Amino acid sequence: MTALKNDIFLKTLLKQSVDRTPVWMMRQAGRYLPEYRKIRAEAGSFLDLCTNPELACEVTLQPLERFDFDAAILFSDILTIPDAMGLGLYFSEGEGPKFKKTVRTKADIEALPVFDPLDKLAYVMDAVSLIRKNLQGRVPLIGFSGSPWTLATYMVEGGSSKSFQKVKALMYNEPLLMHQMLDKLAQSVAAYLNAQIAAGAQAVMIFDTWGGMLATEEYLEFSLAYARQVRELLTTNVDGQTIPTLFFTKGGGLWLNEMSKVGFDALGLDWQTDIGFARAQVGDKVALQGNMDPVALYAQPEKITEKVKLILEKYGKGSGHVFNLGHGILPDMNPEHVKAMVDAVHKYSPQYHL
């Protein structure tokens with residue numbers, strides 16, 4: 001494949017020397033862009049867009065035409081795995097993802113298939129290959145998956161939840177069943193990410209969106225332990241090139257020290273975690289990614305610039321910081337405010353890399 005022209009993101013994840021802080025944005029291909037909304041309308045539905053490699057490629061590349069991002073991220077959804085397991089993913093307008101089937105009993109868990117991602121999720125690998133081809137080495141491509149715990153929450157609850165009472169009840173009342181389910185999911189996530197790497201992903205990220213809903217003991221046992229299992233199963237050396245790995249637990253700032261020991265190259269931070277505190281917690285063990293409050297992008301550009309400068313200052317000198325939001329961008333955001341953030345990172349970060 002074409003040689004990579006901009007590898008600052010990959011170097012930073014591996015804590016190698018760079019001349020500025022790289023920047024990309026979670027959900028950077030999405031509803032805040034009018035060109036995305038146009039393609040989404042043409043596709044017919046969000047799922048139709050995800051499962052069409054050509055359209056998924058097009059929307060993955062759209063933000064790179066507007067903003068000077070240092071990475072592209074595959075356009076897909078974290079719930080592809082349970083959908084491939086036969087649970088029937090669908091989206092209700094204004095309600096988020098839902099499943100036609102839930103997983104709540106021993107029989108349900110035992111019936112979950114161990115599937116071949118090259119079969120059931122071939123459309124994802126086709127999209128990865130197509131995006132890599134069309135990027136032409138411009139920036140690296142990030143592949144991703146939901147974490148075993150986060151996938152389990154949707155599968156047991158049947159969709160989104162505020163209290164997570166069904167999945168937590170299963171965890172507390174039937175811990176062995178919960179472990180059985182999470183083990184199956186960890187193997188599936190690892191196989192899925194390895195298939196993305198084989199198709200051309202140059203870094204992979206695991207989104208543990210709902211790990212922060214757990215108490216410490218349960219987080220370590222039911223979320224982080226299975227993230228570790230996934231990491232141990234990943235193939236992260238391809239033709240002599242290291243494939244960096246990222247792990248992001250939203251609401252996980254309390255557990256950074258434990259997370260830093262699991263084997264990932266970088267940890268994502270939400271906006272509630274002070275990045276200076278986080279760096280002190282992890283030392284030189286991992287890189288950090290984050291962590292501007294997505295809502296701060298509603299501020300005027302000069303305020304956005306000041307916020308960027310503060311985050312850069314708090315992280316301090318040296319490599320190992322990928323600038324990002326603390327969660328995904330909101331759908332009604334003004335794209336010009338995104339440009340203000342990206343431009344500020346490019347302008348003010350070089351002084352921290354002298």
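Small disclaimer: the values here were computed from a predicted structure and weren't measured.
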- [ ] Check each of Val230, Ile81, Ile78 against Ser145 using the side chain to side chain contact (heavy atoms under 4.5 Å, CB included) test, and report the only one that passes.
- [x] Ile81
Open item on the list: Show, in sequence, the C-alpha distance, side-chain angles and deciding distance for Leu74 and Val124, and conclude whether the side chain to side chain contact (heavy atoms under 4.5 Å, CB included) test is met.
Closed with: CA-CA 9 Å; Leu74 165 70; Val124 176; 3.8 Å; yes
- [ ] Using a cut-off of 6.0 Å, state whether more than 12 heavy atoms not belonging to Lys285 lie near its atom NZ.
- [x] yes
Open item on the list: What's the separation between atom CG in Leu135 and atom NZ in Lys5, rounded to the nearest 0.5 Å?
Closed with: 9.5 Å
Task: Closest approach of Tyr192 to Thr80 (non-hydrogen atoms, all atoms of both residues) - done: OH-OG1, 3.1 Å
Task: Audit row: Leu246, Phe144, side chain to side chain contact (heavy atoms under 4.5 Å, CB included) steps and yes/no - done: CA-CA 9 Å; Leu246 303 95; Phe144 71 92; over 6 Å; no
Task: Note: Lys133-Glu54 ion pair, threshold 4.0 Å (strictly below) - done: no
Task: N/O donor-acceptor pair under 3.5 Å between Ser129 side chain and Asp126 backbone - done: no
Open item on the list: With a 3.5 Å distance limit and no angle check, can you tell me whether Ser161 reaches the backbone of Phe164 through a side-chain donor-acceptor pair?
Closed with: yes
Open item on the list: Check this for me: does any side-chain nitrogen of one of Asp274 and Lys314 sit under 4.0 Å from a carboxylate oxygen of the other?
Closed with: yes
TODO: Starting at CD of Glu306, measure out to CD1 of Ile311 and round the result to the nearest 0.5 Å.
DONE: 12.0 Å
TODO: Begin from the C-alpha positions of Thr150 and Thr153 and carry the test side-chain hydrogen bond (donor to acceptor under 3.5 Å, both in side chains) through to its verdict.
DONE: CA-CA 5 Å; Thr150 290; Thr153 68; 5.3 Å; no
Task: Lys339 side chain vs Arg66 backbone, donor-acceptor pair below 3.5 Å - done: no
Open item on the list: Donor-acceptor check, side chain of Thr105 to backbone of Asp108, threshold 3.5 angstrom: yes or no?
Closed with: yes
TODO: Could you tell me whether a side-chain N or O of Asn291 sits under 3.5 Å from a main-chain N or O of Thr273, the two making a donor and an acceptor?
DONE: yes
Task: Audit row: Asp83, Leu121, side chain to side chain contact (heavy atoms under 4.5 Å, CB included) steps and yes/no - done: CA-CA 9 Å; Asp83 189 45; Leu121 295 174; over 6 Å; no
- [ ] Decide, yes or no, whether a salt bridge links Lys11 with Asp70 under the criterion of side-chain N to carboxylate O below 4.0 Å.
- [x] no
TODO: For residues Ala29 and Val59, report the shortest heavy-atom separation together with the two atoms involved.
DONE: CB-O, 3.0 Å
- [ ] Measure from the side-chain N and O atoms of Asp7 to the backbone N and O of Leu10, and report whether any donor-acceptor pair falls under 3.5 Å.
- [x] no
Task: Cation-pi, Phe247 ring and Arg231 (6.0 angstrom, 45 degrees) - done: no
Task: More than 12 heavy atoms from other groups under 6.0 Å of NZ on Lys317 - done: yes
Open item on the list: Could you go through His321 and Thr12, starting from their C-alpha distance and side-chain angles, then the distance that decides it, and tell me whether this counts as side-chain hydrogen bond (donor to acceptor under 3.5 Å, both in side chains)?
Closed with: CA-CA 7 Å; His321 177 207; Thr12 298; over 6 Å; no
- [ ] Decide if the gap between the ring center of Tyr226 and the ring center of His179 is smaller than 6.0 angstrom.
- [x] yes
Task: From CA spacing to verdict: ring-ring contact (aromatic ring centres under 6.0 Å, His included), Phe75, Tyr36 - done: CA-CA 11 Å; Phe75 182 83; Tyr36 167 85; 5.7 Å; yes
- [ ] Decide yes or no for Met25 and Met341: does some side-chain heavy atom of the first lie under 4.5 Å from some side-chain heavy atom of the second?
- [x] yes
- [ ] Say whether, by atom type as modelled, one donor and one acceptor occur between the side chain of Glu157 and the main chain of Lys166 under 3.5 angstrom.
- [x] yes
Task: Other residues, nucleotides, ligands: >12 heavy atoms within 6.0 Å of Gln241 CD - done: no
Task: Same apolar cluster (I L V M F W Y, side chains within < 4.5 Å links), Leu4/Val238 - done: yes
Task: Joint cluster assignment, Ile8 & Ile243, ILVMFWY side-chain distance < 4.5 Å - done: no
- [ ] Answer yes when Glu313 and Lys309 have at least one side-chain N-carboxylate O distance shorter than 4.0 Å, and no when they do not.
- [x] no
Task: His327 (side chain) donor-acceptor with Asp270 (main chain) under 3.5 angstrom - done: no
Open item on the list: Main chain of Met171, side chain of Glu174: is a donor-acceptor contact present, judged purely on distance under 3.5 Å?
Closed with: no
Open item on the list: Any carboxylate oxygen within less than 4.0 angstrom of a Lys/Arg side-chain nitrogen, looking at Lys168 and Glu218?
Closed with: no
- [ ] Begin from the C-alpha positions of Thr305 and Tyr348 and carry the test side-chain hydrogen bond (donor to acceptor under 3.5 Å, both in side chains) through to its verdict.
- [x] CA-CA 9 Å; Thr305 297; Tyr348 295 104; over 6 Å; no
Task: Thr245 side, atom OG1; Phe264 side, atom CZ - distance, nearest 0.5 Å - done: 5.5 Å
Open item on the list: For a quick test of reading the model, state the closest non-hydrogen atom pair linking Ala43 to Leu55 and the distance between them.
Closed with: CB-CD1, 3.8 Å
TODO: Please confirm whether the backbone N or O of Met26 pairs with a side-chain atom of Asn324, one donor and one acceptor, at under 3.5 Å?
DONE: yes
